[in-house]
Amino acid sequence: MKTQVGIIGGGPSGLLLSQLLHLRGIDTVVLEKHSRDYVLGRIRAGVLEHGFAALMREAQVGERMDREGQIHEGFYIAHDGIRERVDLKTLTGNTVIVYGQTELTRDLYDGRDRVGGIVIHEAEDVRPHDVVGPRPFITYRRGGEAVRVDCDYVIGCDGYHGVSRRSIPGDRIREFERVYPFGWLGVLSRTEPVSPELIYAKHERGVARFSRRSPTPSRNKKQVPLSDSVDDWSDEAFFDELRRRLPGDVAAAMITGSSIEKSIAPLRSFVAEPMRYGNLFLAGDAAHIVPPTGARGLNSAASDIHYLYHALADHYTKGDDAGLEAYSRRALARVWKGQRFSWWMTTLLHRFPEDSPFDRRLQDTELAYLFSSQRALASLAENYVGLPF
Ligand SMILES: Cc1cc2nc3c(=O)[nH]c(=O)nc-3n(C[C@H](O)[C@H](O)[C@H](O)COP(=O)(O)OP(=O)(O)OC[C@H]3O[C@@H](n4cnc5c(N)ncnc54)[C@H](O)[C@@H]3O)c2cc1C
């Protein structure tokens with residue numbers, strides 16, 4: 001097989017890039033390890049920056065997002081029995097869209113189908129080759145058949161556990177990492193959410209987050225020790241614990257129900273630098289991971305795709321390689337800002353087991369300062385709605 005851009009990974013990053021390039025007349029092949037149903041079964045992010053929403057529209061897959069997604073003009077931080085609002089719209093003039101990653105991925109697949117895009121599922125043993133030379137290629141197996149895809153560029157959109165980053169020699173890549181001593185237990189339930197807007201609840205027993213995915217399902221999460229497993233938490237025990245972490249009036253209004261999905265995600269900050277090795281470019285979770293506290297994961301992936309899409313379009317339509325040369329530097333500058341914000345939100349709201357009484361007083365003071373200063377709140381809001389690309 002021959003293509004211009006070979007993309008490894010059919011998650012949001014890979015699909016969005018292939019769709020945007022296709023619309024500029026650039027040929028792509030996406031190789032995805034899992035089946036389409038498997039990819040669509042993953043329940044993950046749900047808060048989209050306005051810049052990401054604009055990219056979805058540019059990719060001609062934003063129609064359902066604009067129809068069914070919910071525009072959120074603010075969110076709440078609950079602490080010490082009260083609830084305080086961060087008014088994103090007033091502070092920044094911008095908003096976010098709450099629209100599940102599963103729905104967004106479905107729209108991207110539909111978009112790829114409509115224009116005849118090539119997405120090969122259940123591609124086994126995918127491997128990039130000769131990426132430092134002028135003729136890179138990718139190999140994979142499917143149904144016993146070995147296939148080779150020749151391309152100009154290989155794009156690694158295959159997530160944190162993918163093959164692309166791992167194929168770069170250790171002395172050509174540097175990894176930065178922080179592993180947090182807790183995880184988030186997430187439960188999706190078909191119940192009316194306790195609030196139309198997201199609530200982050202800081203509590204001495206750990207943080208909890210309440211959000212919605214579409215008009216009905218609630219997506220609630222709470223901090224748990226890494227030693228906990230999903231089996232430790234019946235639906236009843238989960239909702240009882242959530243009630244404890246909410247202000248009384250909100251806890252009283254909470255409607256509980258049986259879970260549709262339940263999982264624990266460990267919290268980790270991770271960045272790999274540079275995001276280019278020869279003609280292999282990394283994008284999204286393949287190069288960086290954030291704890292979900294600041295809702296930056298999917299949004300940071302989208303900013304990589306923005307830079308890479310424009311860089312590749314300039315290469316193929318104008319013969320201009322400046323964007324490709326600058327890609328890693330530009331993408332990383334924004335990635336690190338997302339890392340900083342996610343780390344800050346995580347340290348602001350979580351209970352760290354090793355924290356001293358002094359650390360806890362500082363954490364309380366950080367929150368008190370935030371809600372006493374419009375400038376501090378504006379900084380939070382500016383990061384939450386998304387810094388400019
Ligand atoms: C449990 C969980 C909860 C999350 N919650 C949030 C949240 O609340 N808010 C938020 O902003 N972000 C959240 N995230 C992060 C967000 O989902 C990711 O940032 C986003 O999915 C990144 O998209 P991606 O396409 O770069 O990577 P992925 O979505 O990981 O897609 C990578 C794709 O590559 C495929 N692949 C992997 N290896 C190979 C291979 N060897 N060959 C071929 N294909 C391969 C995978 O099957 C996958 O489809 C969460 C992530 C997880 C794991």
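Only this structure's heavy atoms are used, side chains among them; waters, hydrogens and symmetry mates stay out. Order of appearance sets the numbers: ligands from 1, and atoms from 1 within every ligand.
- For the pair Arg296 and Tyr384, the cation-pi test (distance below 6.0 Å, angle within 45°) is passed.
- Side chains of Gln363 and His350: no donor on one and acceptor on the other come within 3.5 Å.
- Neither the backbone nor the side chain of Arg219 has any atom closer than 4.0 Å to an atom of ligand 1 (non-hydrogen atoms only).
- For ligand 1 and Arg296, the ligand atoms under 4.0 Å from any heavy atom of the residue are 11 (O).
- Between Arg44, Glu32, Arg42, it is Arg44 that holds the heavy atom closest to atom 4 (C) of ligand 1.
- Arg112 and His22 share a donor-acceptor pair across their side chains, judged by distance under 3.5 Å alone.
- With salt bridges taken as basic N to acidic carboxylate O contacts below 4.0 Å, none links Glu73 and Arg85.
- Those atoms of ligand 1 that come under 4.0 Å of a heavy atom in Ile8, given as number and element, are 42 (N), 43 (C).
- Screening Tyr307, Phe281, Tyr153 against Tyr327 for a ring pair (Phe, Tyr, Trp, His ring centres under 6.0 Å) leaves a single residue, Phe281.
- Hydrophobic clustering (ILVMFWY, side-chain heavy atoms < 4.5 Å, transitive): Val131 and Leu282 are in one cluster.
- Counting heavy atoms only, Asp285 comes closest to atom 22 (C) of ligand 1 of the residues Asp285, Thr293, Leu15, Ile138.
- Using cut-offs of 30° and 60° on the angle between ring planes, the pair Tyr38 and His34 is parallel.
- The heavy atom nearest to atom 20 (C) of ligand 1, considering only Gln101, Glu49, Arg209, is found in Gln101.
- Close approach of ligand 1 to Lys221 (heavy-atom distance below 4.0 Å) involves ligand atoms 5 (N), 8 (O).
- The existence of a salt bridge linking Asp66 and Arg57 is confirmed by a sub-4.0 Å separation between a basic side-chain nitrogen and an acidic carboxylate oxygen.
- Using cut-offs of 30° and 60° on the angle between ring planes, the pair Tyr180 and Phe352 is perpendicular.
- Of the heavy atoms in Leu31, only backbone atoms (N, CA, C, O) come closer than 4.0 Å to ligand 1.
- The residue among Gly297, Gly10, Ser13 with a heavy atom at the shortest distance from atom 24 (P) of ligand 1 is Ser13.
- The proximity of Val126 to ligand 1, defined as any non-hydrogen pair under 4.0 Å, is limited to the side chain.
- Of the polar atoms of Leu298, at least one N or O is found under 3.5 Å from an N or O of ligand 1, judged by distance alone.
- Against a heavy-atom cut-off of under 4.0 Å, Gly284 is close to the following atoms of ligand 1: 26 (O).
- For atom 41 (N) of ligand 1, the candidate residues are Leu282, Val163, Val290; the nearest heavy-atom contact is made by Val163.
- Counting the atoms of ligand 1 from 1 in the order shown, those under 4.0 Å from a heavy atom of Asp158 are 32 (C), 34 (O), 36 (N), 37 (C), 38 (N), 39 (C), 45 (C).
- Remark: among candidates Gly9, Gly162, Gly11, Pro12, the nearest residue to atom 23 (O) of ligand 1 is Pro12, based on non-hydrogen atoms.
- Side-chain contact annotation: Asp152 with His315, donor-acceptor N/O pair under 3.5 Å absent.
- Here Cys157 has backbone heavy atoms under 4.0 Å from ligand 1, and that is the only part of it that gets that close.
- Between Lys33 and ligand 1, at least one N/O pair is under 3.5 Å apart.
- Contact analysis leaves Ala123 out of contact with ligand 1, as no non-hydrogen atom separation drops below 4.0 angstrom.
- For the pair Asp235 and Lys262, the salt-bridge criterion is met [side-chain N within less than 4.0 Å of a carboxylate O].
- Atoms of ligand 1 found under 4.0 Å from any heavy atom of Ala295 (numbered from 1 in listed order, with element): 11 (O).
- Using modelled atom types, one side-chain atom of Thr3 and one backbone atom of Asp27 make a donor-acceptor pair closer than 3.5 Å.
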